[in-house]
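Encoded as structure tokens, the structure appears first; notes follow it.
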Amino acid sequence: MDSRPSPCHNPPMLHRRARAAFTLIELMIVISLIVVLAALGVGALTELIPRYKARDAAEQFAADVEELRMMAIMNDKETRLVVTDYDTDPYNPGAGAGAWSLYVGNKNLNSTFWDQLPYEASKSTDAYSGEGVRDLSTGTYKVKNVGLVEPDVTAIVFNPRGWVTNDASDFGYSSNASSIDYVFANKAQKGTDHDIYTVKVFRGGMVRIEAGFGDQYEAHEGGTASTSSRP
């Protein structure tokens, strides 16, 4: 008996191979779905990226405050953060503004000379500077579409114990009169509600970042707790 396969077996196989290919309509449907998903993703990123940039700017400010506190304790000298520029119209979309500088004093109290970072041994001249400059609008620390809202207090001073030595009236502007607040706003956002992060500096030198646009963003907050951990 002839064991060779019958030629009639080939057409079904060819037919199955033909059905495995995509038709033009199917390809168009797939491409359309990809385009829609990509558009949704771009829209979400357009909203999220500026928000995270505002968070980054607030984190940088908080980190600088904590660095100055530690430098004051380690060097037995006063340290100071000074806001040198701020956004006069932070809630309108556009380019942001905000800058601050970091200094070490020449005394542990009532310093008469301030050395801009890097910290130098000589306390009579400021031969090297630049490491203590942060500017949201240009240079290394540039952050697009983020503004530092005009603060009520433009300078914070730490003593060697790590405490903020500002006058008590400087703490009176916040709602609970216990912190000096610095607000960073997302200027890429339109409308009346804006994404903001508030850096709260407390008398004891503790720093906290609070998200100002809903409880769903509590995970974006950081720093010391807003309430005591004691019972």
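Computation of the quantities below employed the complete heavy-atom set of this structure, encompassing side-chain atoms and omitting hydrogens, waters and symmetry-equivalent molecules.
- Take Ser111 and apply the side chain to side chain contact (heavy atoms under 4.5 Å, CB included) test, not counting sequence neighbours, and it matches Glu78, Asn106, Lys107, Trp114.
- Side-chain contact check for Val146 versus Lys144: every heavy-atom pair is 4.5 Å or farther apart.
- Between atom CG of residue Asp181 and atom NZ of residue Lys200 there is a gap of 3.5 Å, rounded to the nearest 0.5 Å.
- Counting only heavy atoms from C-beta outward, the side chains of Ile180 and Asn166 approach each other to under 4.5 Å.
- Scored by the salt bridge (charged side-chain N to carboxylate O under 4.0 Å, His left out) test, Arg69 finds no partners at all (sequence neighbours excluded).
- Using a 4.5 Å heavy-atom threshold, the side chains of Phe171 and Ser178 count as separate.
- Annotation: side chain of Asn108 is not in contact with side chain of Asn159 (no heavy-atom distance under 4.5 Å).
- Residue pairs satisfying the ring-ring contact (aromatic ring centres under 6.0 Å, His included) criterion with at least one member in residues 54-80, sequence neighbours excluded, are listed as follows: Phe61-Trp100, Phe61-Tyr182, Phe61-Phe184.
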Kindly determine whether Tyr197 and Val183 satisfy side-chain contact (heavy atoms from CB on, under 4.5 Å), including the steps that lead there.
CA-CA 6 Å; Tyr197 287 95; Val183 178; over 6 Å; no
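- Side-chain atoms of Gln60 and Asp64 form a donor-acceptor pair, as typed in the model, at a separation below 3.5 Å.
- Here the straight-line distance linking atom CG of Asp135 with atom OG1 of Thr84 works out to 7.0 Å at 0.5 Å rounding.
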Pair Val143-Asp56, side-chain contact (heavy atoms from CB on, under 4.5 Å): steps then yes or no:
CA-CA 8 Å; Val143 183; Asp56 288 343; 5.6 Å; no
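- Atom OG1 of Thr165 is separated from atom CZ of Arg161 by 12.5 Å, given to the nearest 0.5 angstrom.
- Distance CD/Glu66 to CE/Met206: 11.5 Å, rounded to 0.5 Å.
- Listed by first and then second residue, the ring-ring contact (aromatic ring centres under 6.0 Å, His included) pairs that reach into residues 130-151 come to none, sequence neighbours excluded.
- Nearest heavy atoms, Leu148 versus Gly98: CB-CA, 3.9 Å.
- For the salt bridge (charged side-chain N to carboxylate O under 4.0 Å, His left out) test, no residue two or more places apart in sequence or in another chain qualifies with Asp85.
- Counting heavy atoms from C-beta on, the side chains of Val133 and Gln116 come closer than 4.5 Å.
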Under the side-chain contact (heavy atoms from CB on, under 4.5 Å) rule, what do Val65 and Leu81 come out as? Steps first, then yes or no, please.
CA-CA 7 Å; Val65 172; Leu81 183 149; 4.0 Å; yes
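- Residues Leu117 and Glu67 form a side-chain contact, since some pair of their non-hydrogen atoms from C-beta on lies under 4.5 Å apart.
- For the residue pair Asp167 and Arg203, the shortest heavy atom distance occurs at C-NH2, 3.9 Å.
- Taken from CG in Asp115 to CZ in Phe113, the straight-line distance is 5.5 Å, to the nearest 0.5 Å.
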Carefully, step by step, assess Lys187 and Asp87 under the rule side-chain contact (heavy atoms from CB on, under 4.5 Å).
CA-CA 10 Å; Lys187 290 175 64 67; Asp87 202 314; 3.0 Å; yes
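- Nearest heavy atom pair, residue Asn145 against residue Gly94, reads ND2-O, 2.9 Å.
- Both Leu68 and Tyr119 belong to a single network of hydrophobic side chains, linked directly or stepwise wherever heavy atoms of I, L, V, M, F, W or Y lie under 4.5 Å apart.
- Minimum heavy-atom separation, Gly96 to Ser137: O-CB, 3.9 Å.
- Under the side chain to side chain donor-acceptor pair (under 3.5 Å) criterion, Asn110 pairs with no residue at all, not counting sequence neighbours.
- Side chains of Pro90 and Val149 form a contact here, defined as non-hydrogen atoms less than 4.5 Å apart.
- Within the 4.5 Å cutoff, no side-chain heavy atoms of Val157 are placed close to those of Thr79.
- Between Leu136 and Ala97 the shortest heavy-atom distance is CD1-O, 4.2 Å.
- Scanning all heavy atoms of the two residues, the minimum distance from Gly205 to Phe158 falls at CA-CE2, 3.8 Å.
- The backbone N or O of Lys77 lies less than 3.5 Å from no partner atom in the side chain of Asn75, so there is not a single donor-acceptor pair.
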